[in-house]
Colleague: 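There's a structure below that I have some questions on.
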Amino acid sequence: MKAGNLEAERRDSLLKIPNMPSEDAPVGVSEADNVVIRWWSPQVGPQNGSEIKLPEFADHQKRPHWEIGSELGILDLERAAKISGSMFPMFRGLGATLERALSYFALDAHSDAFEEIKPPTFVRTATMISTGHLPKFEEDAYRLERDDLYAIPTAEVPLTSLAKDEILREEDLPVRLTAYTSCFRREAGSAGRDTRGLLRLHEFDKVEILAYTTPSQAAAMHSELLSRAENLLQGLGLTYRVLDLCTADLGNSSKRTFDLECYSPGTGLWLEVSSVSWFGDYQARRANIRFRSAETGQIEFIHTLNGSALAWARIWAVLVETYRQSDGSVIIPEVLRRYMRDIDRIPSKQASSA
RNA sequence: GGAGAGGUGCCAGAGUGGUCGAAUGGGUCUCACUGCUAAUGAGUUGACCUGGGAAACCGGGUCCGAGGGUUCAAAUCCCUCCCUCUCCGCCA
């Protein structure tokens, strides 16, 4: 074997080594060992601990979103499948407006401290490597072979590489970035399991919040990102819980991750709608992002953190179930109405045609 | 990605080579009956293309997920693809 091949192989192997979990992350052997650290519902507000008392949901809320969607003409999965295949969604009418409103709502909510970015959707191999999405998860990414570009699985990918190979000034940290993008995931091997409706998709929209920090700023930033995501859920009035991911369930690149899961009354499932992670310097090393210490003049790697705030397809699903009325119409949460021409509800078919 | 089950009219659901554009039930519409509603009884009811007709209507063709094939003959058999459902695995 040639030395060059060996070198490439060695590099490939090294790139596949995952990050070291934080000492604070709970130790576990499967996702069952994730720890519910708190939860929230509009009825009782914030609650610590893992003993969740679900709110009472009425029968008219216990209808799965895919049925509500076709009933109201706001979700057309059948035609989406015709156009692009299964697991690609298509929103219509007020359903599309609602989906858009969610992004506007989130971007505005973060505009106090985050720079809004509209990054490219297709990225180079090196960009995918920086965040840890390659080489290990090659199978899960959509790739344009002819141009050697990948469709981004999350805005984390372009946003992390925004400062690739740069040396930042400590006084400019933390840097806060937010972006609204479509996300593309092949979901290789996921056919047939929990894939109904909008539960798992090849394409969905998401607003991401991301930060570059010094190592000492990281912990506070992790809390900030988490509480921003939580604030959105509270504003939308959705019941959710916060999971501290155990070492077995932690992503490849992450040192510590909190997942936010919304309760879907129509399916009885908790749906992951946000993942807020601290990567330490794992991604910064791969992307070569450093900062010069103001005090010592030393150059160090930054830390990266990010979180979804939030992933819309699943939020959309939980919203239409949660806010469905007995007459079949769906109330629009107060905070979204200004982004929806002040429309306060999606009318039931009977009402609109009467 | 693996294994299995399916895709038939507005809906549900039979049909596994000719008698099937297609049983049956529900719904629809019409009529009858009935203070109203409901219930009941009788009847009615697929889509698209096309010829004739002012129209009511009368005729021809195509369509049982899509596309090919076998056959004198296909909803029924074979092949490819798509979609749906269940279970397992996967989920950065």
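Residue numbering restarts at 1 for every chain, and letters A, B, ... go by the order of the sequence lines.
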Colleague: Between B:rC10 and B:rU44, how many Å separate the two C1' atoms, rounded to a whole number?
Modeller: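 Here B:rC10 and B:rU44 have their C1' atoms 15 Å from each other.
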Colleague: Between A:R228 and A:D112, is there a salt bridge with N-O shorter than 4.0 Å?
Modeller: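 A salt bridge links A:D112 with A:R228.
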Colleague: Provide, to the nearest angstrom, the distance between the CG atom belonging to A:D194 and the C1' atom belonging to B:rC88.
Modeller: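 From A:D194 CG to B:rC88 C1': 12 Å.
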Colleague: Can you tell me, in whole Å, how much space there is between the C1' of B:rA42 and that of B:rA54?
Modeller: 33 Å
Colleague: I'd like to know if the side chain of A:R314 reaches the main chain of A:L199, judged simply by a donor and an acceptor atom lying under 3.5 Å from each other, with no hydrogens or angles considered.
Modeller: yes
Colleague: Is the centre of the A:Y212 ring less than 6.0 Å from the centre of the A:F291 ring?
Modeller: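 No, they do not, as the ring centres are separated by 6.0 Å or more.
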Colleague: B:rU84 pairs with which nucleotide, Watson-Crick or G-U wobble, both distances below 3.5 Å?
Modeller: B:rA5
Colleague: With both distances kept under 3.5 Å, what pairs with B:rG41, Watson-Crick or G-U wobble?
Modeller: B:rC31
Colleague: Check the interface with nucleotides 81-84 of chain B: list each N/O to N/O pair with the protein under 3.5 Å, or write none.
Modeller:
unit_1, atom_1, unit_2, atom_2, d
B:rC83, OP1, A:S86, N, 2.9

Colleague: What is the base-pairing partner of B:rG25, counting Watson-Crick and G-U wobble geometry with both distances under 3.5 Å?
Modeller: B:rC11
Colleague: Using atom P in both nucleotides, what's the gap between B:rC49 and B:rA39 to the nearest angstrom?
Modeller: 37 Å
Colleague: Tell me whether A:N19 contacts the main-chain N or O of A:F279 through its side chain, where contact means a donor paired with an acceptor under 3.5 Å.
Modeller: yes
Colleague: Expressed as a whole number of Å, how far does the C1' atom of B:rG26 sit from that of B:rU19?
Modeller: 28 Å
Colleague: Going through the checks in order, is the salt bridge (Lys or Arg N to Asp or Glu O under 4.0 Å) test met by A:E67 and A:R324?
Modeller: CA-CA 12 Å; A:E67 286 179 16; A:R324 183 167 188 264; over 6 Å; no
Colleague: Looking for any heavy atom pair under 4.0 Å, which part of the strands does A:G132 touch: base, sugar-phosphate only, or nothing?
Modeller: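 It contacts nothing in the nucleic acid.
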Colleague: B:rG51 pairs with which nucleotide, Watson-Crick or G-U wobble, both distances below 3.5 Å?
Modeller: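 Answer to the pairing question: B:rC58, which forms a Watson-Crick or G-U pair with B:rG51.
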Colleague: When you compare B:rC77 with B:rG2, how far apart are their P atoms, in angstrom units rounded to a whole number?
Modeller: 24 Å
Colleague: Now, which nucleotide makes the Watson-Crick or G-U wobble pair with B:rG46, with each of the two distances under 3.5 Å?
Modeller: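 For B:rG46, the partner nucleotide comes out as B:rC63, under the 3.5 Å rule.
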Colleague: Expressed in whole Å, how much space separates the P atoms belonging to B:rC88 and B:rC79?
Modeller: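 After rounding to an integer number of Å, I get 29 Å for this pair.
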Colleague: Taking atom C1' of B:rA92 as reference, at what distance in whole Å does atom CG of A:D140 sit?
Modeller: 7 Å
Colleague: Do A:S277 and A:T257 have side-chain N/O donor and acceptor atoms under 3.5 Å apart?
Modeller: yes
Colleague: Are any of the side-chain nitrogens in A:K206 or A:E208 under 4.0 Å away from the carboxylate oxygens of its partner?
Modeller: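 Salt bridge present between A:K206 and A:E208.
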Colleague: I'd like to know if the side chain of A:W316 and the backbone of A:G95 have a donor-acceptor N/O pair within less than 3.5 Å.
Modeller: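 Here the side-chain-to-backbone pair exists.
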Colleague: Quantified in whole Å, what is the C1' atom distance between nucleotide B:rG59 and nucleotide B:rG53?
Modeller: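 That atom pair is separated by 12 Å.
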Colleague: Taking pairing as Watson-Crick or G-U wobble with both contacts under 3.5 Å, can you name the mate of B:rC72, or confirm there isn't one?
Modeller: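 By the stated definition (distances under 3.5 Å), B:rG18 pairs with B:rC72.
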Colleague: Quickly work out the A:L201 CG to B:rC90 P distance and round it to whole Å.
Modeller: 21 Å
Colleague: What is the distance, to the nearest angstrom, from the CD atom on A:E138 to the P atom on B:rA92?
Modeller: 17 Å
Colleague: In whole angstrom, give the distance that lies between atom CZ of A:F204 and atom C1' of B:rC91.
Modeller: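 The distance from CZ of A:F204 to C1' of B:rC91 comes to 11 Å, rounded to the nearest Å.
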Colleague: Quick one: A:R186 CZ to B:rC90 C1', roughly how many Å, whole number?
Modeller: 12 Å
Colleague: Considering every strand shown, what is the Watson-Crick or G-U wobble mate of B:rC91 when both distances are under 3.5 Å?
Modeller: none
Colleague: Work out how far the P atom of B:rG9 is from that of B:rA47, and round it to whole angstrom.
Modeller: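 So the two P atoms sit 13 Å from each other.
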Colleague: Nearest-Å distance, CH2 (A:W270) to P (B:rC91)?
Modeller: 23 Å
